[in-house]
Amino acid sequence: MTIVAANPAVRRRARISLPFTLVFGGVIIGLSTIVAFFPSLFAPYDPAAMDYNALLQAPTVAHPFGTDSFGRDVLTRVIHAYTVDMQIALFATLFPFVFGTIVGALVGYAGGWANALFGRVVDAIITFPFLVLVIAIVAVLGPGLVNMYVAVSVVGWVFYARLVATEVQVQKRLDYADSGRAMGYRPLRIIFRHLLPNAITPALVYWMTDMALAILLGSSLGYLGLGAQPPTAEWGVQIADGKNFMNTAWWISVFPGIAIVITGLGFSLVGDGLAELLRTKK
């Protein structure tokens, strides 16, 4: 896809070629965001409304995704779950991204003992599987979305910090960093105004992919009863609600699962497209 940008002050037109994956993924995420902000515009029913005359009803015109064991419309609950799961994608990754980027930039520039200490912290955390650590922390704090965000943040910032620290170590050896030091710039100015803008690309790309993983993690914890709690409309909770009816009412679990796949694919495509775009610019 090609976008042509015209500037009266410039004689020739600049042509910016956007990768197809970035455009397609952006469309998915854009539509998902609209649904997340305005679920009532798209949902035909109240997500908590029960109809005991329509229990476990197969997909029909009135209920395109069928109904669950309480007679609730599955399509409505899938739509309203966008609000919760898109919130999970953002809040479970925003603090790790920001905090990890800052720590990584400082450690990468300082080097020496700071880098050695950070290496020991990384080794201690990545020794255990990410999901196991998150489940353990949530089990201690108690189930719920807020505790899930805390658990993911405690562990997840390390991966961003490692990416940024490695890139900053490369950037600080380049000529423009030496020029800044020769001109007497303070270290914080060199780090945040010069090095970090050139070193943050891998973290941005990873952030997009991490949002997809956060949705999968949030759904997994919801399925296990450690994330969003019933009767909240959340995809993992919906899949758990339908696990005992897979032979007779498959739609309760299948349609939320499809929503997870599509939304996760959108974030992954945006990450791939962003990486390709940034590589092309270089």
Side-chain angles (χ1 to χ4, degrees), residues 28-29 31-51 55-56 59 63-96 130-131 134-135 137-139 141-153 155-156 209-246 249-268:
I28 294 175
I29 299 308
L31 293 175
S32 299
T33 302
I34 293 173
V35 174
F37 273 103
F38 308 104
S40 299
L41 295 179
F42 304 94
Y45 302 98
D46 185 331
M50 302 180 186
D51 184 359
L55 301 180
L56 300 177
H63 301 283
F65 286 7
T67 62
D68 62 12
S69 57
F70 294 98
R72 297 173 298 190
D73 183 65
V74 174
L75 173 60
T76 297
R77 290 181 62 76
V78 168
I79 290 174
H80 277 268
Y82 270 97
T83 303
V84 176
D85 284 275
M86 292 295 285
Q87 172 187 310
I88 291 173
L90 178 62
F91 292 162
T93 59
L94 183 60
F95 177 81
F130 176 77
L131 183 58
V134 171
I135 290 176
I137 296 173
V138 173
L141 297 178
L145 289 178
V146 174
N147 290 338
M148 186 193 77
Y149 300 149
V150 172
V152 174
S153 299
V155 181
T209 305
D210 198 28
M211 285 189 178
L213 297 176
I215 290 178
L216 292 175
L217 176 63
S219 299
S220 300
L221 294 178
Y223 180 87
L224 296 173
L226 297 174
Q229 299 296 299
T232 303
E234 194 275 326
W235 293 327
V237 172
Q238 288 182 264
I239 293 174
D241 289 342
K243 65 182 179 181
N244 295 325
F245 304 98
M246 285 301 297
W250 52 267
W251 52 86
I252 301 176
S253 296
V254 169
F255 288 117
I258 293 174
I260 293 173
V261 171
I262 293 175
T263 309
L265 177 64
F267 281 114
S268 297

Judged by atom type as modelled, is there a donor-acceptor pair below 3.5 Å linking the side chain of [X] to the main-chain atoms of [Y]?
X	Y	result
Trp235	Ala259	no
Thr232	Gln229	yes
Asn147	Val138	no
Thr93	Leu90	yes
Ser32	Ile28	yes

### Task
Kindly indicate, with the supporting measurements, whether the criterion side-chain contact (heavy atoms from CB on, under 4.5 Å) is fulfilled by Thr209 and Phe267.
CA-CA 6 Å; Thr209 305; Phe267 281 114; over 6 Å; no

Which atom names give the shortest non-hydrogen contact between [X] and [Y], and what distance separates them?
X	Y	value
Leu221	Met148	CD1-CG, 3.2 Å
Trp251	Phe65	CD1-O, 3.3 Å
His80	Pro47	NE2-CD, 3.6 Å
Ile252	Asp241	CG2-C, 4.3 Å
Pro44	Thr76	CD-OG1, 3.3 Å
Pro256	Ser253	CD-O, 3.4 Å

### Query
Hey, mind stepping through Thr83 and Phe37 against side-chain contact (heavy atoms from CB on, under 4.5 Å) and telling me if it holds?
CA-CA 6 Å; Thr83 303; Phe37 273 103; over 6 Å; no

### Which residues share a side chain to side chain contact (heavy atoms under 4.5 Å, CB included) with Phe95, sequence neighbours left out
Phe99, Ser153

Pairwise distance [atom1]([X]) to [atom2]([Y]) - rounded to 0.5 angstrom:
X	Y	atom1	atom2	answer
Ile215	Gln87	CD1	CD	11.5 Å
Ile137	Leu226	CD1	CG	12.5 Å
Leu216	Leu213	CG	CG	6.0 Å

### Query
Taking the side chain as C-beta and beyond, is there a heavy-atom pair between Thr67 and Asp51 under 4.5 Å?
no

### Task
Determine whether Phe130 and Leu217 make a side-chain contact, defined as any pair of heavy atoms from C-beta on separated by less than 4.5 Å.
yes

### Task
For the pair Tyr149 and Phe91, name the ring-plane relationship: parallel under 30°, tilted 30 to 60°, perpendicular over 60°.
perpendicular

### Task
Start with the C-alpha gap between Phe38 and Tyr82, add the side-chain angles, then the distance that decides, and say whether side-chain contact (heavy atoms from CB on, under 4.5 Å) holds.
CA-CA 10 Å; Phe38 308 104; Tyr82 270 97; over 6 Å; no

### Task
Would you please say whether a donor-acceptor pair under 3.5 Å links the side chains of Gln238 and Tyr223?
no

### Task
Please list, chain by chain and in numerical order, all residues satisfying ring-ring contact (aromatic ring centres under 6.0 Å, His included) with Tyr45, sequence neighbours excluded.
His63

### Message
For Ser219, run the side-chain contact (heavy atoms from CB on, under 4.5 Å) check against Val84, Ile88, Ile260, Val237 and tell me which one passes.
### Response
Ile260

### Message
For Asp68, give me all partners under salt bridge (Lys or Arg N to Asp or Glu O under 4.0 Å), at least two apart in sequence or on another chain.
### Response
Arg72

### Query
Does atom CZ of Phe70 have more than 12 heavy-atom neighbours from other groups under 6.0 Å away?
no

#### Entry: Chi angles and distances behind the side-chain contact (heavy atoms from CB on, under 4.5 Å) call for Phe42, Ile34
CA-CA 10 Å; Phe42 304 94; Ile34 293 173; 4.0 Å; yes

